[in-house]
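Quick notes on the structure that follows.
Chain naming here is simple, since letters A, B, ... match the order of the sequence lines and numbering starts at 1 in each. Values below: every heavy atom of this structure, side chains too, minus hydrogens, waters and symmetry copies.
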Amino acid sequence: MSELNVKFGESQKQLSAPISVVEVLKNFDRDAAKKALAARVNGEEVDLNKQLESSDEVLSVEPILPESRDGLEVIRHSTAHLLAAAVLDLFPGTQLGVGPALMEDPRYGFYYDIIAPRQLTIEDLPAIEKKMRELQKRNLPYRRENVQKAQILDIFHERNEPLKKELIEEKVVDSASIYYIDNSPFIDFCLGPHVPHTGKLKAFKLLALSGAYWKGDAEKQQMQRIYGTAFATQEELDAWTKQREEAEKRDHRRLGRELDLFSIQDDYGQGLILWHPKGAMIRMEMENLLKEELQKRGYSFVFTPHIAKRELWKISGHEENYADSMFAPTRVEGDDDTEFRLKPMNCPFHIGIYKSNQRSYRDLPQRYSEMGTVYRAELSGTLHGLMRVRGFTVDDAHLFVRPDQVREEVADCLDFAIKVFETYGFEKVKFELSVRGDAENKIYLGADEEWENAETSLANALKERGISYERIEGEAAFYGPKIDIKVEDAIGRIWQLGTIQLDWNLPERFDLEYMGEDGQKHRPIMVHRALFGSIERFFGVLVEHFAGAFPFWLAPVQITVLPITDRINDYAESVAKELKSLGFRVETDVRSEKIGAKIRHAQLQKVPFMLVLGDKELEENKVAVREKVKGDLGTMSLDEFKEMARKLKETRALSNDPKPLGN
RNA sequence: GCCAUCCUAGCUCAGCUGAUAGAGCAUUCGAUUCGUAAUCGAAAGGUCGUGGGUUUGAAUCCCAUGGAUGGCUCCA
């Protein structure tokens, strides 16, 4: 009998081969062997029933346990296959596409793309889930077999699965593994590993049915995608379900209605936002913060029209590269020769301002900023609340700089971004450096040297500020590399916001120049930069980030004055008036309601402070302060309260915690 | 744009297999004057997204169309 040396953690044993992985584990740690879903042998993920042959080298073996991330991935992957098995059982003749585990997407745990003999509807999901549970309870083993390419192709030919065949043709060189589940029509071509049998899949749920294009290509046929999720234990699944409900409560569309912030009405057009007074108030505060910072950082403010002659968009290249996203041309009554188009971007206008004068190297950088409202004809299916709309305002700026200024200007943009996002309490800001992919690809405009210089400038700016970033190949714009800004919100979701892009294409197209120190004409480089990206989207992100409970400086109503009885109404009005005169946003609730109801109303509206006023306060000329989260803070003089409020407003404090105010 | 689902009062939602539209909240009016998350009563409010069709009869079944939602593609 041949032998095998195996290492498990610190210990090493000699075992007789051949032997299955699970048997090996049993020799070291029976508990781990029992719990294991799969294993890693010399770092490679394998099934537990894989037979190990004798070998000269020492094999290191390690169980993959359900608690680990890899374990969860095995569970989700195996559950996706259980889903496929159930579908095949219920709908013979179904073609399978791909069915991966999803580990990054908080919404879903896995999916499987299929083409069933008839279109499935969501009403089919319960039956499929039921079948999955049935198969799960039968502890059906997942079997793996290594098969020659020709044979795999035969199998899927027989099963009439051309999509799988296509995949195999592409991915398999000579042989590959296929999986099947005993007593099930399921066969799939897959790397694995899987759980040893379906009994290990204890907590799963099907979630959604949607369309999905084969290989993600809109030109190819549309399949149906079934989404689900799976966890190691029912408790984890329950916790996930609960968290999902919490996230739903933060939905900016729901809060937008409840807090009367904005609306989108069919009669006015899809993807077009009506900002209600309260939403508009918040937006104004957001813009004020930006304006203060812009001014400090040497930006100029400009205003430009929403529409421009079609010729302009031809020069800028938008007609050629961006027409699909633009509203169709329009013209003036009686003049058929001149066409106009709504602007999808602000850059050409800012270029017009740059070009209106001769520029010297001493004039650069020119920094033009504008809250520029743009219109894009997004496909109707992509619209989503404030996050994806057809008319939105970019906190836009264009910097016209000399090549030697790029690094510093970009670095200042980074500082700017960090400063602003900190104010909103986004502790995690992610930067991604997107560079071109294949340099040979002719979609990228400009010389190699320009691309390399640009990338170096961006990377240096990031390094100079000590910012860690991720470098992403092939994500650059066709005219230049960029830095994308993403933030993580209060419940861990990532949002794509602004971007800093280098561009030498537009300066070329518009023939921009400046007079250099050497008396020669030079071409400036443009930096497009936006921090929020879209005010609408960022506002939506903020609503969800704060769950509608805006910090004092942003809150549309900062203080509600609540008289306990009608007798106090006059005093309440005088307190409100005084606070208003100081610039605070105050409402007074003089409804004939009990104080509990008034408080409840203010709480639901997420007003930061309530001033509860009764006979006692009137007599002593004081206010009883109730903070939204902390509750009753006790009585204080109006002056004390004013001072507290003033500090919260001026410092743009994130919490209404009165402690940092001292004394 | 593509796939699935949905559209009933200002909002959230009932209304099963076809038979004269319901509730809660909000609104208005009246009563109540109250000490930290919902006082009581009454009234008003809808040609059931829109347009066709089937039927003695349609919110309900069928077709078309608009919009929304979840995805795909795309993207700030």
Side-chain angles (χ1 to χ4, degrees), chain A residues 105 107-108 111 113 115 119-125 207-227 251 253-254 257-258 260 263-267 269-271 322 324-325 344-345 372 374 376-396 484-486 495-499 501 528 530-538 540-541 562-569 590-605 610-617 624-628 630-635:
Chain A
D105 191 330
R107 297 164 302 177
Y108 304 110
Y111 67 78
D113 285 349
I115 300 175
Q119 282 281 343
L120 299 185
T121 77
I122 48 169
E123 275 147 31
D124 294 313
L125 295 187
L207 298 168
L209 177 71
S210 81
Y213 297 108
W214 171 235
K215 291 183 176 170
D217 183 344
E219 300 295 310
K220 295 205 158 69
Q221 72 192 104
Q222 185 147 29
M223 311 183 68
Q224 288 194 292
R225 173 170 297 178
I226 301 174
Y227 280 102
D251 190 306
R253 292 165 302 184
R254 174 191 175 123
R257 158 145 296 294
E258 287 173 1
D260 197 14
S263 62
I264 303 168
Q265 298 175 30
D266 183 24
D267 297 345
Q270 326 174 51
Y322 210 73
D324 287 350
S325 300
M345 292 186 193
V374 298
R376 298 187 188 172
E378 300 289 347
L379 295 177
S380 64
T382 66
L383 300 174
H384 177 90
L386 293 171
M387 302 304 186
R388 195 71 183 276
V389 298
R390 283 184 172 165
F392 61 97
T393 304
V394 186
D395 62 317
D396 216 349
D484 281 328
I485 305 168
K486 297 187 175 183
W495 302 94
Q496 154 83 47
L497 298 173
T499 171
Q501 310 188 348
H528 306 248
L531 306 185
F532 296 166
S534 138
I535 306 255
E536 283 75 4
R537 173 180 290 180
F538 187 64
V541 171
L562 309 176
I564 289 172
T565 78
D566 287 354
R567 284 194 302 285
I568 316 297
N569 285 359
V590 294
R591 291 176 307 161
S592 172
E593 283 288 353
K594 288 162 84 166
I595 192 65
K598 294 185 182 185
I599 288 172
R600 178 179 156 82
H601 180 74
Q603 288 282 154
L604 291 175
Q605 286 296 305
M610 286 154 254
L611 300 182
V612 179
L613 305 183
D615 289 326
K616 246 188 299 176
E617 287 72 23
V625 181
R626 183 189 161 98
E627 198 273 328
K628 181 185 61 211
K630 294 198 167 51
D632 195 350
L633 300 183
T635 321

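Nucleic acid contact class of A:L209 (heavy atoms, under 4.0 Å, all strands): base. Looking at heavy-atom distances under 4.0 Å, A:E378 makes contact with a base. Across all strands, A:D615 comes closer than 4.0 Å to base atoms (heavy-atom distances). Among the protein residues, A:K598 comes within range of no part of the nucleic acid, since none of its heavy atoms lies under 4.0 Å from any strand. Among the protein residues, A:G614 comes within range of the nucleic acid bases, having at least one heavy atom under 4.0 Å from a base atom. At the heavy-atom level, A:L379 lies under 4.0 Å from base atoms of the strands shown. Using a 4.0 Å heavy-atom distance criterion, A:Y111 is classed as making no nucleic acid contact. Residue-level contact check: A:Q221 touches neither bases nor backbone, having no heavy atom under 4.0 Å from any strand. If you check every strand for non-hydrogen atoms under 4.0 Å, A:Y227 touches sugar and phosphate atoms only. Among the atoms of the strands shown, none is found under 4.0 Å from any heavy atom of A:E258. Within the nucleic acid shown, A:D566 comes within 4.0 Å of at least one base atom, counting heavy atoms only. A:H384 comes within contact range of the sugar-phosphate backbone alone, with a heavy-atom separation under 4.0 Å but no base atom that close. Counting any heavy atom pair closer than 4.0 Å across all strands shown, A:T382 reaches a base atom. If you check every strand for non-hydrogen atoms under 4.0 Å, A:G596 touches sugar and phosphate atoms only.
In this structure, CG of A:L562 is placed 13 Å from C1' of B:rC34, rounded to the nearest angstrom. Atom-to-atom, CZ of A:R376 to P of B:rA76 comes out at 6 Å; the value is rounded to the nearest Å. The separation between A:K220 atom NZ and B:rC3 atom C1' is 18 Å, rounded to whole Å. Nucleotide B:rC75 holds its P atom 19 Å from the CE atom of A:M387, rounded to whole Å. The CD-P distance, from A:Q605 to B:rA26, rounds to 12 Å in whole Å. Atom CD1 in A:I568 sits about 15 Å away from atom P in B:rU36, given to the nearest Å. Across the protein-nucleic acid pair, A:L207 atom CG and B:rG70 atom P stand 14 Å apart, rounded to whole Å. The separation between A:K594 atom NZ and B:rC34 atom P is 11 Å, rounded to whole Å.
Between B:rG71, B:rA68, B:rA37, one nucleotide has an atom nearer to the side chain of A:Q270 than all others, and that is B:rA68. Here the nucleotide nearest the side chain of A:S210, chosen from B:rC3, B:rA37, B:rA4, is B:rC3. Of the candidates B:rU39, B:rC72, B:rU36, B:rU39 carries the atom nearest the A:A597 side chain, counting heavy atoms from C-beta on. Between B:rC72, B:rG10, B:rA37, one nucleotide has an atom nearer to the side chain of A:R257 than all others, and that is B:rG10. In the set B:rA38, B:rU36, B:rA76, the nucleotide with an atom closest to the side chain of A:V612 is B:rU36. Among B:rA4, B:rC75, B:rG67, the nucleotide with an atom closest to any side-chain atom of A:R537 is B:rC75. The side chain of A:Q496 lies closest to B:rA76 when the candidates are B:rU39, B:rA76, B:rG66. Here B:rU33 is the nucleotide among B:rG35, B:rU33, B:rA38 with the atom lying nearest to any side-chain atom of A:S592. Looking at the side chain of A:I122, the nearest of the listed nucleotides B:rA4, B:rU36, B:rG67 is B:rA4.
Atom name C1', nucleotides B:rG24 and B:rU5: the rounded distance is 26 Å, in whole Å. On the C1' atoms, B:rU69 is 39 Å away from B:rC29, given to the nearest whole Å. When the P atom is compared between B:rC6 and B:rU17, the two are found 13 Å apart, to the nearest whole Å. The separation of B:rC75 from B:rC11, taken at their C1' atoms, amounts to 32 Å, rounded to a whole angstrom. Distance check on atom C1': B:rU39 versus B:rU33 gives 11 Å, rounded to whole Å. A gap of 24 Å separates the P atoms of B:rC25 and B:rC7, to the nearest Å. The same atom, C1', is picked in B:rA58 and in B:rG52; the two are 13 Å apart, to the nearest Å. Nucleotides B:rG18 and B:rU27, compared at atom P, are 39 Å apart to the nearest Å.
Contact of the A:M387 side chain with the A:W495 side chain is registered, since non-hydrogen atoms from C-beta on lie closer than 4.5 Å. When side chains are defined from C-beta on, A:D615 counts as touching A:I568, because their heavy atoms get closer than 4.5 Å. Put simply, the side chain of A:T499 does not reach to within 4.5 Å of the side chain of A:H528, judged on heavy atoms. At least one side-chain heavy atom of A:L120 sits less than 4.5 Å from a side-chain heavy atom of A:I226. Between A:M610 and A:K598 there is no side-chain heavy-atom pair separated by less than 4.5 Å. Counting only heavy atoms from C-beta outward, the side chains of A:Q221 and A:I115 approach each other to under 4.5 Å. The closest side-chain heavy-atom distance from A:S380 to A:R390 is below 4.5 Å.
Here B:rG70 sits opposite B:rC3 as a Watson-Crick or G-U wobble pair (both hydrogen-bonding atom distances under 3.5 Å). With a cut-off of 3.5 Å on both Watson-Crick or G-U wobble distances, the partner of B:rU20 is given as none. Across the strands present, B:rG57 finds no partner; the criterion is a Watson-Crick or G-U wobble pair with both atom distances under 3.5 angstrom. In this structure, B:rA38 forms no base pair with any nucleotide, since neither Watson-Crick nor G-U wobble geometry is met with both distances under 3.5 Å.
A donor N or O paired with an acceptor N or O is found under 3.5 Å between the base of B:rC74 and the side-chain atoms of A:R388. For A:R567 and B:rU33, a side-chain-to-base donor-acceptor distance below 3.5 Å is absent, hydrogens and geometry of angles not being considered. In terms of polar N and O atoms assigned as donor or acceptor, the side chain of A:Y213 never comes within less than 3.5 Å of the base of B:rG71 in a complementary pairing. Side-chain atoms of A:Q265 stay outside donor-acceptor range of the base of B:rA68, with no qualifying N/O pair under 3.5 Å.
At B:rG1, one or more side-chain N or O atoms of A:S380 fall inside 4.0 Å of OP1 or OP2 (strictly under the cut-off). At B:rU69, one or more side-chain N or O atoms of A:R253 fall inside 4.0 Å of OP1 or OP2 (strictly under the cut-off). Between A:R107 and B:rG71, a side-chain N or O to OP1/OP2 separation shorter than 4.0 Å is present. The side chain of A:Q224 contributes no N or O atom lying less than 4.0 Å from OP1 or OP2 of B:rC3. Phosphate contact (OP1/OP2 of B:rC3, side-chain N/O of A:Q119, threshold under 4.0 Å): absent.
A:D251 and A:R254 are not joined by a salt bridge, as no carboxylate oxygen comes within less than 4.0 angstrom of a charged side-chain nitrogen.
Applying the ring-ring contact (aromatic ring centres under 6.0 Å, His included) test to A:Y111 and every residue at least two apart in sequence or in another chain returns A:Y227.
More than 12 heavy atoms of other residues, nucleotides or ligands sit less than 6.0 Å from atom CD of A:Q265.
Centre separation under 5.5 Å together with a plane angle under 30° does not hold for the ring of A:F532 and the six-membered base ring of B:rA76, so they are not marked as stacked.
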